[in-house]
Amino acid sequence: MKVLIDDGLSTINKLTGIGYQAINLYLSLKKIIFCDITDFNYLRNLHRYLRRFIYFFHSNYLVKKNIYDIIHYQNYYVPFLKGRAKQIVTIHDLGAFKFPETIPYLYVKYNQHSILNALKRANGIIVPSSSIKEEISQFFSKVSPEKVFVCNNGIREVFWKSTITSKFLESHNVKPYSYFFFIGSLSRRKNLKFILEAFIKTKQNHIINKDTQLILAGQFWWGSLDFKHLLREDLGIKTFGYLDDDAIVELYKYSKALIFPSLYEGFGMPIIEAMSQNIPIIISNIPTSRELNKKHNNQMLEFEIDNQESFINQLKKVDKDYDIIKQRLDYGDLSIYHFNKIAEEHLRIYKYVLNSDF
């Protein structure tokens, strides 16, 4: 079997979730089968619209070359041309349909169009959670459930290492276990205005320790103007941009808890990364986060997404009882997130689709 991972331009700039998944899936697959990954680095310096146009042309060209048995598209788009290869697409989420107000208008239109076409053109559809499979069923009743396969995202190798060499905390004068941690795009969809207002309230009303901080890591994106005025260093809120892997692992490991407050997600990569470091996790009660919580012994602290008091109570609980909560944590088997296992699961799906009439 010959497989091509089409990264959908997700690996030519600073990597985020889709790019990391594409590269690590490829690296693990190529240990067990013939596997290539697209290389669009030659487009790196072009304007993003021109880049996208050339990508469309190139993707359709690759289909007609008839080199591969399976082409797996990572970033929603599936070409309109057909070749001998079976086409598989990963649909990471349906945010453009469910929460269009949290992302830019042009992105909404492009993403909606790409998903609709991908669902029609693909021979197989991979989703990262049962919640997204259910959403596809609800939104697109004509899509056969037999074509939709749930397959976990994976945890990168850096998170399995037992030693930390980074000195990030020391260089930024941050004490271990003195902060709550958020990582992700600093955007409207992540519900950051809600948690910032709540955190400020806890500091101003002396609800949590006066030295407890909130650290945010990630790049500013759509909707950040909603909450930029709340990023107050005088109240212990620190913001860092895009960080290297070692700094990220260190920030996870020595935090009081990961805060994952999203309005909507397709999976929740920071949750499984935080579990790998065995730290407390505070989650909003959205379907995907609750799905992961149930899967891992209900160890996470949930809050109601529109209830500030509910969130503050969880902050207060962790701030006061961190040692007790940490000692009792038991997330169960995390080996299911090793990329070698993720690759094996993908291979099973590839074989099934290859031998099906989809």
Side-chain angles (χ1 to χ4, degrees), residues 1-96 103-128 147 149 151 153-154 219 221 266 339 342-343 346-347 349-350 353-354 358:
M1 182 190 298
K2 293 184 176 181
V3 174
L4 174 67
I5 301 296
D6 184 308
D7 73 351
L9 299 177
S10 63
T11 66
I12 66 171
N13 291 311
K14 292 177 178 178
L15 293 179
T16 54
I18 295 175
Y20 278 125
Q21 290 298 306
I23 285 179
N24 284 283
L25 177 60
Y26 156 70
L27 290 173
S28 294
L29 275 171
K30 75 173 190 173
K31 297 174 186 175
I32 51 178
I33 57 169
F34 181 95
C35 186
D36 287 334
I37 188 169
T38 49
D39 182 2
F40 294 109
N41 275 299
Y42 68 93
L43 302 177
R44 182 186 295 273
N45 296 319
L46 298 180
H47 188 279
R48 60 194 176 110
Y49 293 133
L50 180 57
R51 239 183 0 235
R52 182 64 56 181
F53 177 78
I54 295 173
Y55 165 69
F56 293 152
F57 175 82
H58 195 164
S59 295
N60 282 277
Y61 165 73
L62 284 173
V63 168
K64 298 306 290 184
K65 284 188 75 175
N66 292 325
I67 297 172
Y68 302 99
D69 302 298
I70 294 282
I71 302 180
H72 184 177
Y73 299 95
Q74 299 291 311
N75 205 4
Y76 299 103
Y77 177 74
V78 174
F80 60 87
L81 292 181
K82 295 286 185 182
R84 77 177 184 89
K86 289 288 186 80
Q87 296 173 310
I88 292 177
V89 64
T90 294
I91 302 293
H92 301 278
D93 63 59
L94 296 182
I103 44 185
Y105 177 79
L106 288 178
Y107 182 87
V108 169
K109 292 304 175 186
Y110 167 75
N111 211 349
Q112 288 180 348
H113 181 74
S114 295
I115 290 172
L116 286 169
N117 284 324
L119 293 173
K120 292 174 187 174
R121 297 169 182 169
N123 302 103
I125 300 153
I126 292 176
V127 294
K147 285 177 59 176
F149 307 91
C151 191
N153 288 336
Q219 301 177 88
W221 200 60
F339 264 100
I342 303 298
H346 276 76
L347 183 55
I349 295 168
Y350 297 161
V353 172
L354 200 57
F358 297 146

> Looking only at atom types and distance, does a side-chain atom of Lys147 sit under 3.5 Å from a main-chain N or O of Ala122, one as donor and one as acceptor?
Replying inline: yes
> What heavy-atom pair brings Cys35 and Ile5 nearest, and what distance separates the two atoms?
Replying inline: SG-CG1, 3.8 Å
> What orientation do Tyr61 and Phe57 show, parallel under 30°, tilted 30 to 60°, or perpendicular over 60°?
Replying inline: parallel
> Distance-only, no hydrogens or angles: does the Gln74 side chain make a donor-acceptor pair with backbone N or O of Thr90 under 3.5 Å?
Replying inline: no
> How many angstroms lie between atom NE2 of His346 and atom NE2 of His72, to the nearest 0.5 angstrom?
Replying inline: 4.5 Å
> Hey, what's the ring geometry for Tyr76 with His92, parallel, tilted or perpendicular (30° and 60° as the breaks)?
Replying inline: perpendicular
> More than 12 foreign heavy atoms under 6.0 Å from CZ of Arg44: is that the case here?
Replying inline: yes
> Do the side chain of Asn24 and the main chain of Tyr20 share a donor and acceptor less than 3.5 angstrom apart?
Replying inline: yes
> Do Met1 and Leu347 come within less than 4.5 Å of each other through their side chains, counting heavy atoms only?
Replying inline: yes
>> For Tyr42 and Arg51: C-alpha separation, side-chain torsions, deciding distance, then whether side-chain contact (heavy atoms from CB on, under 4.5 Å) applies.
In response: CA-CA 10 Å; Tyr42 68 93; Arg51 239 183 0 235; over 6 Å; no
>> For the CD1 atom of Ile349 and the CD1 atom of Ile126, what is their distance to the nearest 0.5 Å?
In response: 4.0 Å
> Is Val3 close to Tyr350 at the side-chain level, that is, under 4.5 Å between some pair of heavy atoms?
Replying inline: yes
> At their closest point, which heavy atom of Lys86 faces which heavy atom of Val353, and how far apart are they?
Replying inline: NZ-O, 2.8 Å
>> Quick check: closest heavy atoms across Gly8 and Tyr55, and the distance to 0.1 Å?
In response: CA-OH, 3.5 Å
>> Once rounded to the nearest 0.5 Å, what's the spacing between atom OH of Tyr26 and atom OG1 of Thr11?
In response: 11.0 Å
> Would you find a donor on one side and an acceptor on the other, under 3.5 Å apart, between the side chain of Gln112 and the backbone of Ala96?
Replying inline: yes
>> Do Leu4 and Thr38 make a side-chain contact, defined as non-hydrogen atoms from C-beta onward lying under 4.5 Å apart?
In response: yes
>> I'd like to know if the side chain of Asp7 reaches the main chain of Ala22, judged simply by a donor and an acceptor atom lying under 3.5 Å from each other, with no hydrogens or angles considered.
In response: no
> Roughly how far apart are Leu9 CG and Phe40 CZ, rounded to 0.5 Å?
Replying inline: 6.0 Å
>> Is the shortest side-chain heavy-atom distance between Ile342 and Ser28 below 4.5 Å?
In response: no
>> Could you check whether any side-chain N or O of Asn123 sits under 3.5 Å from a backbone N or O of Ile88, counting only pairs where one atom can act as donor and the other as acceptor?
In response: no
> Roughly how far apart are Leu43 CG and Asn13 CG, rounded to 0.5 Å?
Replying inline: 10.5 Å
>> Which residues pass the salt bridge (Lys or Arg N to Asp or Glu O under 4.0 Å) test with Asp6, not counting sequence neighbours?
In response: none
> Are any of the side-chain heavy atoms of Gln21 and Ser10 separated by less than 4.5 Å?
Replying inline: no
> In Å and rounded to the nearest 0.5 Å, what is the CD1 to CZ distance from Ile12 to Arg48?
Replying inline: 12.0 Å
>> Looking only at the side chains, is there a donor atom on one of Asp36 and Tyr68 sitting less than 3.5 Å from an acceptor on the other?
In response: yes
>> Would the distance check show the side chain of Lys64 and the main-chain N or O of Lys82 forming a donor-acceptor pair, the cut-off being under 3.5 Å?
In response: yes
> Taking only residues two or more places apart in sequence or in another chain, which ones pass salt bridge (Lys or Arg N to Asp or Glu O under 4.0 Å) with Arg84?
Replying inline: Asp69
> What pair of heavy atoms forms the shortest contact from Asn66 to Gly83, and how long is it?
Replying inline: OD1-CA, 3.4 Å
>> Ignoring hydrogens, what is the shortest heavy-atom contact between Val108 and Ile103? Give both atom names and the distance.
In response: CG2-CG1, 3.4 Å
> Would you call the rings of Phe56 and Tyr77 parallel, tilted or perpendicular if under 30° counts as parallel and over 60° as perpendicular?
Replying inline: tilted
> Does a sphere of radius 6.0 Å around NZ in Lys120 hold more than 12 heavy atoms from other residues, nucleotides or ligands, not counting ones at 6.0 Å or beyond?
Replying inline: no
>> I need the minimum non-hydrogen distance between Ile67 and Lys2, along with the two atoms involved.
In response: O-CD, 3.6 Å
